[in-house]
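Labels below follow one simple rule: chain letters A, B, ... track the order of the sequence lines, proteins then strands, and each chain is numbered from 1.
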Protein chains: 2
Amino acid sequence: MLSLTEENYLKAIYHLSDGGNRSVLTNELAEAMNTKAASVTDMVKKLSAKAVISHEKYYGVNVTSKGKSEALMVIRKHRLWETFLVQKLGFAWDEVHEVAEQLEHINSARLIEKLDEFLGYPKVDPHGDPIPDNKGKLKILPQIAIDQLNIGYQGKIAAVKDSDSNLLKYLDKIEARPGTKIKILGKEDYDGSMEILIADHRIFISKEVSQNILVIE
Amino acid sequence: MLSLTEENYLKAIYHLSDGGNRSVLTNELAEAMNTKAASVTDMVKKLSAKAVISHEKYYGVNVTSKGKSEALMVIRKHRLWETFLVQKLGFAWDEVHEVAEQLEHINSARLIEKLDEFLGYPKVDPHGDPIPDNKGKLKILPQIAIDQLNIGYQGKIAAVKDSDSNLLKYLDKIEARPGTKIKILGKEDYDGSMEILIADHRIFISKEVSQNILVIE
DNA sequence: GTAAAAATTTAGATTAGTCTAAAAAAATAT
DNA sequence: ATATTTTTTTAGACTAATCTAAATTTTTAC
Ligand SMILES: [Mn+2]
Ligand SMILES: [Mn+2]
Ligand SMILES: [Mn+2]
Ligand SMILES: [Mn+2]
């Protein structure tokens, strides 16, 4: 049984480690959690004692398989709640993250199963991020940001990075949402900006924006 | 801004004081909160400092008007969430309390307004308890338990006491739900047990049960 | 291959919420 | 009107989560 704070640390470790693929250093975790390195060291000891991470002193932490599935449960709850807020309560997709940060810690297996059912077993959240199943399995979709692609590419938006609320507002304005058709019309070598065809209108976007729009493959 | 624990204490004080009509003693609060009197004294100091209660040493606490409206906001959230769980997620009415105890502490004015709208602005929760409005006003319905009434009374169930999950299961089985028609057919002086007509079938109930079924007036 | 710099851990404090044991105040019983 | 009992408060201690400052370890730079 993890405390709310421990769940937040574990989730951050899971994300920073790319789902358990690399170790996470004390300072990056401190930065991500908005705490000090000393606090991280303390918490790392607690999480190690609970066997959700392993810690090699001075060399960072790794999530264990137990930790991975506990992290995925929190992420499952987060994404199901975000889906609920957008689809049922009419929240905009840039308004859901803060609330989901709270709701993800509500402890009731029955609640999450019922919520999942109520939402029709969604596969992805409003930002296109995959929702782990009730066994803690996450289907990782091979995604690539469009700044990596060239003129002529066409496909459908799979997901957008959901880190920043202002970015999400902008993406919504230009209709860059999961499921929307997108085609790369031009690409400026100098600054990486792009001209794209999106939902049947042409617009220019900066490289910064193009790094946040993901397509399949 | 109150912490989760402070909200729980304040809500308990509000309920124990019958909505602010009498003072609450340290020991009853300790009993209700499953803590020790010493812990209550500490918390009472914090809540006094935040001006949601007033405390006269050795003579108990009273909720201030600020405290009353903060308590009502927590109760509003609790009852809206209970309504959501029953009406939208298909929970039984005896399964919602624990989860609502957690959900009532989610902090988002927008969430509660949207939830209220989504539920169609319900006036009462699944147990018939009134839901405070978004201004913190509670419409107190004049209710009376049927053990106080006599043979021949007929009316509709307004609410049931929601304290015990097993009681709720039993009430559900005999169809004693808010809105159901009820008539008192007989009453035994010896033990206070009753024969009632409920949803068109006759049953016998003990005095203990009759004290938990409320009608208007 | 040392010395300086950077990262990490430890030491010692602080705050919220809790406890037990002891002291103080109020209620009650003779 | 005292003495006893009950209730409440205070004193001192504990855990979780945090901090600052100091010590330690690793990394980097010459
Ligand atoms: Mn998301
Ligand atoms: Mn309840
Ligand atoms: Mn609560
Ligand atoms: Mn209720």
Side-chain angles (χ1 to χ4, degrees), chain A residues 1-17 22-63 67 70-71 74 98 101-102 104-107, chain B residues 1-17 22-63 67 70-71 74 98 101-102 104-107:
Chain A
M1 193 77 287
L2 300 180
S3 72
L4 184 150
T5 309
E6 288 169 338
E7 283 188 349
N8 282 333
Y9 269 91
L10 179 59
K11 189 169 61 119
I13 293 167
Y14 178 87
H15 284 312
L16 288 171
S17 69
R22 61 176 202 79
S23 21
V24 176
L25 302 174
T26 301
N27 267 351
E28 29 172 1
L29 196 43
E31 157 107 57
M33 295 301 295
N34 258 294
T35 54
K36 298 302 159 78
S39 309
V40 169
T41 302
D42 285 345
M43 183 53 75
V44 155
K45 284 177 188 161
K46 288 178 202 163
L47 293 175
S48 296
K50 295 192 176 183
V52 292
I53 62 174
S54 61
H55 181 215
E56 214 186 329
K57 254 190 181 180
Y58 292 99
Y59 290 93
V61 299
N62 285 89
V63 287
E70 297 215 20
V74 178
E98 312 295 304
E101 276 301 310
Q102 295 181 62
E104 72 188 3
H105 304 289
I106 300 293
N107 193 336
Chain B
M1 194 77 287
L2 300 179
S3 72
L4 184 149
T5 309
E6 289 169 336
E7 283 188 349
N8 282 335
Y9 270 91
L10 179 58
K11 188 168 62 121
I13 293 167
Y14 178 87
H15 284 311
L16 289 171
S17 69
R22 61 176 202 80
S23 13
V24 176
L25 301 174
T26 301
N27 267 351
E28 26 171 4
L29 195 43
E31 157 106 58
M33 296 300 297
N34 259 293
T35 55
K36 296 304 161 75
S39 308
V40 168
T41 302
D42 284 346
M43 182 53 74
V44 155
K45 284 176 189 164
K46 288 178 202 166
L47 293 174
S48 297
K50 294 193 176 183
V52 292
I53 62 174
S54 61
H55 181 215
E56 214 185 330
K57 255 190 180 182
Y58 291 100
Y59 289 94
V61 299
N62 284 88
V63 287
E70 297 217 19
V74 178
E98 312 295 304
E101 274 302 311
Q102 297 181 62
E104 72 188 1
H105 303 289
I106 301 292
N107 193 335

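Applying the side-chain hydrogen bond (donor to acceptor under 3.5 Å, both in side chains) rule to B/Glu31 yields no partners; only residues at least two apart in sequence or on another chain are considered. Under the rule for a side chain to side chain contact (heavy atoms under 4.5 Å, CB included), the partners of A/Gln102 that lie at least two apart in sequence or sit in another chain are B/Ile106, B/Asn107. Listed by chain and number, the residues in a salt bridge (Lys or Arg N to Asp or Glu O under 4.0 Å) with A/Glu104 are A/Lys11 (sequence neighbours excluded). Applying the side-chain hydrogen bond (donor to acceptor under 3.5 Å, both in side chains) test to A/Glu7 and every residue at least two apart in sequence or in another chain returns A/His105. Applying the side chain to side chain contact (heavy atoms under 4.5 Å, CB included) test to B/Ala12 and every residue at least two apart in sequence or in another chain returns B/Leu29, B/Met33. Partners of B/Asn62 under the side-chain hydrogen bond (donor to acceptor under 3.5 Å, both in side chains) rule, at least two apart in sequence or in another chain, do not exist in this structure. Not a single side-chain hydrogen bond (donor to acceptor under 3.5 Å, both in side chains) links A/Glu98 to another residue, sequence neighbours left out.
Shown for residues 28-43 of chain A: residues whose heavy atoms fall under 4.0 angstrom of DNA chain C, namely A/Ala37, A/Ala38, A/Thr41. Of the residues in residues 54-61 of chain A, A/Tyr58, A/Tyr59 come within less than 4.0 Å of DNA chain D through at least one heavy atom, sorted by number. Heavy-atom distances under 4.0 Å link DNA chain C to no residue of residues 4-17 of chain A.
At the phosphate of D/dT9, neither OP1 nor OP2 sits under 4.0 Å from any side-chain N or O atom of B/Lys45. In this structure, B/Asn27 does not reach the D/dT6 phosphate: none of its side-chain N or O atoms is under 4.0 Å from OP1 or OP2.
The footprint of chain A on DNA chain C, defined by a heavy-atom cutoff below 4.0 Å, extends from C/dA7 to C/dT10.
A distance of 6.5 Å separates CG of A/Leu16 from CZ of A/Arg22, quoted to the nearest 0.5 Å. Atom CG of A/Asn8 sits about 10.5 Å away from atom CG of A/Leu2, to the nearest 0.5 Å.
The NZ atom of B/Lys46 sits 15 Å away from the C1' atom of D/dT10 (whole-angstrom rounding).
B/Ser48 contributes a side-chain N or O that, together with a main-chain N or O of B/Val44, makes up a donor-acceptor pair within less than 3.5 Å. A side-chain donor-acceptor contact under 3.5 Å links A/Ser17 to the backbone of A/Ile13. When atom types are taken as modelled, the side chain of B/Glu28 and the backbone of B/Leu25 share a donor-acceptor pair closer than 3.5 angstrom.
Residue pairs meeting the salt bridge (charged side-chain N to carboxylate O under 4.0 Å, His left out) criterion with at least one member in residues 36-53 of chain B, sequence neighbours excluded, are B/Glu6-B/Lys50.
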